Amino acid sequence: MNTSRRGFLRLLGGGTTASIAVNWPMRAVSRAIAFEPSRQDDGFIRLNNNENAFGPSPKVQEVIKATSSSVNRYPLSQYGWLKEKIAGLNHVKPEQVLLGCGSTEVLRMAAFAFLGKGKQLIQASPTFEAIEHYARSAGSEVISVRVTPSFAHDLDGMLGHASGTTTLVYICNPNNPTGSLTPRKDIENFIRNLPSSTFVIIDEAYHHYAGQSGTYASFLDRPLNDDRVIVTRTFSKVYGLAGLRLGYAVASPKVISPMQQFATAANVNAIVSQAAAAALDDVAATNDFIQRNTNDRQEFFNQAMARAVKPIDSHANFVMMNTFHPAEEVIEHFRKNNILIGRQFPPLDTYIRVSLGRPEDMRSFWRAWDALPYPKHTMQH
Ligand SMILES: Cc1ncc(COP(=O)(O)O)c(C=O)c1O
């Protein structure tokens, strides 16, 4: 055996020469695959998509591994029991739950069910853009109303645009990209004053990070008893399952049924249904992720304040702040330092959005921040 072959066998790890000789071709293949860098392992620190940098929990990871052997089967039978589980947790009937390939698919279903030519969507600006994209694909007009100076939805401004053709309003609370809250009682008043034919999506993707406060209460935990309200949630954030794709809506059966017609067949894959159920059961891990996020968010604010920077108060797993410099240049500076942060969010053209990552990633972020090649204005929004 020559030296390089011996070195390669050492890399394969263990075994006698005889057994290695017998198993060599198979092992070589499997190790070679194991050494392939994953496609996300491209050297960039990812602070750009508001993912859970620590998830999923070990218990959920076990379930994912155990389920992988059954992916030769279509997942159609997974729907019923998962809907029942989610319905039970939210104290609603299974026919009030609609599952999607991420909550993005749920937003698409809502857009195609309730929008179209001659119909109008009203949303905040800036906010999460998926619904706008689908509204335009459906041929609708989109009215975007700039958030207030405290970064809440400008509900009076939105109401001012509402008319008989406004069939859908999108409220993201906490809002992405600002991380800010719109007070619950203001949303309630707003809904009460909308035309009776206007449906309202309350996107609670970041619900778990909002905590309990006088101003925030989930429309799932404290429902309004109004058939026009559609609440959406995702498994992509606190549960750490963004790559597996699962989200859901809770609404009246009368609202779920027209949305369901736009669902892709078998839109819940065979792994995510099991993983999501395990994530819902792993309450301790969810609480740990929430606590960790609270601590990491506090640490981010400490680091920002130490640099006399004042981010927008965040109720999510990301933070937005004013750099007083064109955001595209700041984003590019971080990219050159191998750090991906959020994209541009007009009209907040000098703001950046930073997802909270692992401690070492955040240290890299602040190192790159300190190396920004221009003066930093400070302590204002
Ligand atoms: C507010 C909001 N809603 C929905 C989504 C979509 O989540 P997913 O399709 O992964 O469930 C995101 C993703 O970042 C988001 O920020």
Side-chain angles (χ1 to χ4, degrees), residues 40 46-53 55-56 60 82 86 97-112 121 123-135 144 147 151-153 168-182 187 200-210 216 218-220 230-251 259 262-264 267-269 271-273 275-276 279-280 289 293 312 314-320 340-345 348 351-357:
Q40 296 202 2
R46 289 170 189 275
L47 307 178
N48 59 338
N49 282 328
N50 306 342
E51 298 144 348
N52 175 348
V60 173
L82 183 58
I86 291 173
V97 176
L98 177 62
L99 303 178
C101 178
S103 53
T104 301
E105 192 196 15
V106 174
L107 296 175
R108 178 173 65 71
M109 291 188 248
F112 283 94
L121 167 78
Q123 62 169 12
S125 171
T127 195
F128 183 61
E129 303 98 334
I131 190 98
E132 169 170 3
H133 169 77
Y134 293 124
S144 302
V147 291
F151 302 96
H153 285 64
L168 195 60
V169 171
Y170 176 71
I171 294 178
C172 186
N173 200 35
N175 189 37
N176 178 12
T178 49
S180 46
L181 289 180
T182 301
I187 301 176
V200 182
I201 294 179
I202 314 272
D203 186 333
E204 296 189 353
Y206 300 99
H207 157 77
H208 291 90
Y209 303 115
Y216 178 78
S218 157
F219 282 80
L220 268 192
I230 304 159
V231 184
T232 59
R233 291 269 184 101
T234 178
F235 284 86
S236 300
K237 306 301 171 184
V238 78
Y239 300 118
L241 293 171
L244 283 186
R245 317 300 300 126
L246 184 68
Y248 63 95
V250 173
M259 288 170 68
F262 292 94
T264 307
N267 61 349
V268 177
N269 71 69
I271 295 183
V272 81
S273 47
L280 291 171
F289 286 140
N293 186 71
I312 300 173
S314 168
H315 300 268
N317 63 345
F318 55 86
V319 178
M320 188 171 230
L340 303 179
I341 60 171
R343 55 196 175 277
Q344 291 173 256
F345 293 101
L348 303 181
Y351 285 71
I352 57 168
R353 190 197 66 190
V354 185
S355 308
L356 298 171

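Remember, it's 1-based here, ligands and their atoms both numbered in the order they're listed. All values derive from a computational prediction rather than experimental measurement.
In plain terms, the two heavy atoms of Ala53 and Gly357 that are nearest each other are CB-CA, 3.9 Å. Minimum heavy-atom separation, Asn52 to Lys237: CB-O, 3.0 Å. Closest approach of Asn267 to Gly100, counting heavy atoms only: ND2-CA, 3.6 Å.
Ligand 1 lies under 4.0 Å from heavy atoms of Gly102, Ser103, Thr104, Phe128, Tyr170, Cys172, Asn176, Asp203, Ala205, Tyr206, Thr234, Ser236, Lys237, Arg245.
Aromatic pair Phe318/Tyr206: ring centres closer than 6.0 Å.
Not counting sequence neighbours, the partners of Ala275 by the side-chain contact (heavy atoms from CB on, under 4.5 Å) test are Val60, Ile64, Leu241, Leu244.
Proximity of Tyr351 to Phe151: side-chain heavy atoms (C-beta onward) are separated by under 4.5 Å at one or more points.
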